[in-house]
Visitor: 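Pasting a structure below so you can have a look.
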There are 2 protein chains.
Amino acid sequence: MIRIFIDYLLPIFYFKCMTKNREKLLMILNANKVPMNASLIYEDTKDSFDLATIYRGLNYLETNNYVSSFVFDCKESGVQRYFTIKEESHKHYMHCEKCHTFTAIPLCPLKNALSDIEEEYGFIVDEHYLTLRGICRHCAETTL
Amino acid sequence: MIRIFIDYLLPIFYFKCMTKNREKLLMILNANKVPMNASLIYEDTKDSFDLATIYRGLNYLETNNYVSSFVFDCKESGVQRYFTIKEESHKHYMHCEKCHTFTAIPLCPLKNALSDIEEEYGFIVDEHYLTLRGICRHCAETTL
DNA sequence: TATTTTTTGCAAATGATTCGCATTTTTATT
DNA sequence: AATAAAAATGCGAATCATTTGCAAAAAATA
């Protein structure tokens, strides 16, 4: 049953609801592999789409679970929402204060800690946001 | 030398640079014990100060290390910056999706993990932001 | 092919935060 | 204490990321 859904129905559904805009958003996010905000994506599309359309597309993709997002306050470009392709396992990122890029931390360092917290505080945790801020390897090596 | 600074100079400096506005901001944040955003504080001051003055005061307090802040996207009130009194040890918070309040998690569950990450990725971590989202104990107990 | 639904572009609206500027308050100088 | 200089405030306007209304264009359905 679930196989049928994944193999057969899901692709059709996907095909049906993917407009050129949304298709392109997924392409860009897949190609770049790092969290991107709306204006970054807008530049990348080379004006193929209006910024409002890009926002609408990103929101559609998020509510339909193709992408996920988080807000981040970059010292260079301010508070903005960043989008990434949604994968099996969620990812966190570290943000470099020098070059202002994100680097993925594939494995979540909170795996075990979360259930401890749930138990200790009687809190049901649905999501968690973790972002590191610092100096990335590249900037640490090149700058003295 | 450092003792002289802490015992003598710091209080004078504190006294000198604390305006009524900034004094009140610290009072409110101390009294409430939870992260508060500017408009929440504004309501709490009962119109004693202009909202712009409150923002200026909060920014002053943050750059002078009296308070720290983070941006959070509350599903009820949107993306806003929240401020807390800066303490010896930093705190993280969990945010309830039902009652939209924050609960502190006094001990940071990342203590050890961070140095591992630094080593593995060659990244120098200056700060980290962690927020949990879910259902708080109170809402979990009262709602069926 | 006609009709309904969805998506898009454009311009205007929104909402949190910041800024300019004139006024008031505080601090430093005589 | 009186005055000059510096900092803080209130108000309104500006900013910037994001959203929204609306009419036109494109896609889906009958």
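The model shown is predicted, which means the values in this text are computed figures rather than measured ones. Naming: A, B, ... by sequence-line order, numbering from 1 per chain.
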Visitor: Strictly below 4.0 Å: does N21(B) bring a side-chain N or O up to OP1 or OP2 of dT9(D)?
Guide: yes
Visitor: Separation of E23(B) atom CD from dT9(D) atom C1', in whole Å?
Guide: 17 Å
Visitor: Give the rounded distance in Å between these two atoms: CG of L40(A) and P of dA17(D).
Guide: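 Answer to the nearest Å: 12 Å.
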Visitor: Can you tell me the distance, in whole Å, between the CE atom of M18(A) and the P atom of dA28(D)?
Guide: 13 Å
Visitor: For the pair made of CD1 in I41(B) and P in dT17(C), what is the distance, rounded to whole Å?
Guide: 10 Å
Visitor: In chain order, what residues pass the side chain to side chain donor-acceptor pair (under 3.5 Å) check against K91(A), with sequence neighbours excluded?
Guide: E87(A)
Visitor: Among residues 67-79 of chain B, which contact DNA chain D at a heavy-atom distance under 4.0 Å?
Guide: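 Those residues: none at all.
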Visitor: Can you sort out the partners of R81(B) under side chain to side chain donor-acceptor pair (under 3.5 Å), two or more places apart, ordered by chain and number?
Guide: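 Only D73(A), S69(B) meet the side chain to side chain donor-acceptor pair (under 3.5 Å) criterion with R81(B).
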Visitor: Base, sugar-phosphate, or nothing for N59(B), non-hydrogen atoms under 4.0 angstrom?
Guide: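 Sugar-phosphate, no base atom in range.
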Visitor: Just by distance, do the side chain of T45(A) and the backbone of Y42(A) share a donor-acceptor pair under 3.5 Å?
Guide: yes
Visitor: Sort and list the pairs that fulfil salt bridge (charged side-chain N to carboxylate O under 4.0 Å, His left out) and have at least one residue in residues 129-138 of chain B, not counting sequence neighbours.
Guide: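 As it turns out, the salt bridge (charged side-chain N to carboxylate O under 4.0 Å, His left out) pairs with a partner in residues 129-138 of chain B, which skip direct neighbours, are E127(A)-R133(B).
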Visitor: Does the pair F72(B) and F102(B) meet the rule for a ring pair (Phe, Tyr, Trp, His ring centres under 6.0 Å), with working shown?
Guide: CA-CA 11 Å; F72(B) 183 79; F102(B) 287 98; 5.3 Å; yes
Visitor: Within the side chain of E76(A), is there an N or O that forms a donor-acceptor pair under 3.5 Å with the backbone of H100(A)?
Guide: no
Visitor: Could you please name the option among dT17(C), dT18(D), dT26(C) that lies closest to any side-chain atom of Q80(A)?
Guide: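 The nucleotide sitting nearest to the side chain is dT18(D).
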Visitor: Are L110(A) and L130(B) close enough, and set up right, to give a side-chain contact (heavy atoms from CB on, under 4.5 Å), and what steps lead you there?
Guide: CA-CA 10 Å; L110(A) 288 165; L130(B) 170 65; 3.4 Å; yes
Visitor: Looking at every non-hydrogen atom in both residues, tell me the closest pair between L58(B) and V67(B) and how far apart they are.
Guide: O-CG2, 4.0 Å
Visitor: Rounded to the Å, how far apart are Y42(A) OH and dT19(D) P?
Guide: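 Checked: the OH to P distance equals 17 Å.
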Visitor: For R22(B) and dT26(C), what is the distance between atoms CZ and C1' respectively, to the nearest whole Å?
Guide: 11 Å
Visitor: Between atom CG in L25(A) and atom C1' in dT8(C), what is the gap in whole Å?
Guide: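 Atom CG in L25(A) sits about 13 Å away from atom C1' in dT8(C).
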Visitor: If the cut-off is 4.0 Å, is T19(B) near the phosphate of dA7(D), judged by side-chain N/O to OP1 or OP2?
Guide: no
Visitor: Which ILVMFWY residues can you reach from M27(A) by hopping between side chains whose heavy atoms are under 4.5 Å apart?
Guide: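 None, because no other hydrophobic side chain comes under 4.5 Å of this residue.
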Visitor: Can you list, in residue-number order, the parts of residues 50-58 of chain B that come under 4.0 Å of DNA chain C, counting heavy atoms only?
Guide: A52(B), Y55(B), R56(B)
Visitor: Tell me which of S48(A) and A38(B) sits closer to the 5' end of DNA chain C, going by the nucleotide each one is nearest to.
Guide: S48(A)
Visitor: Expressed as a whole number of angstroms, how long is the span from K20(A):NZ to dT7(C):P?
Guide: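 It is 14 Å, rounded to the nearest whole Å.
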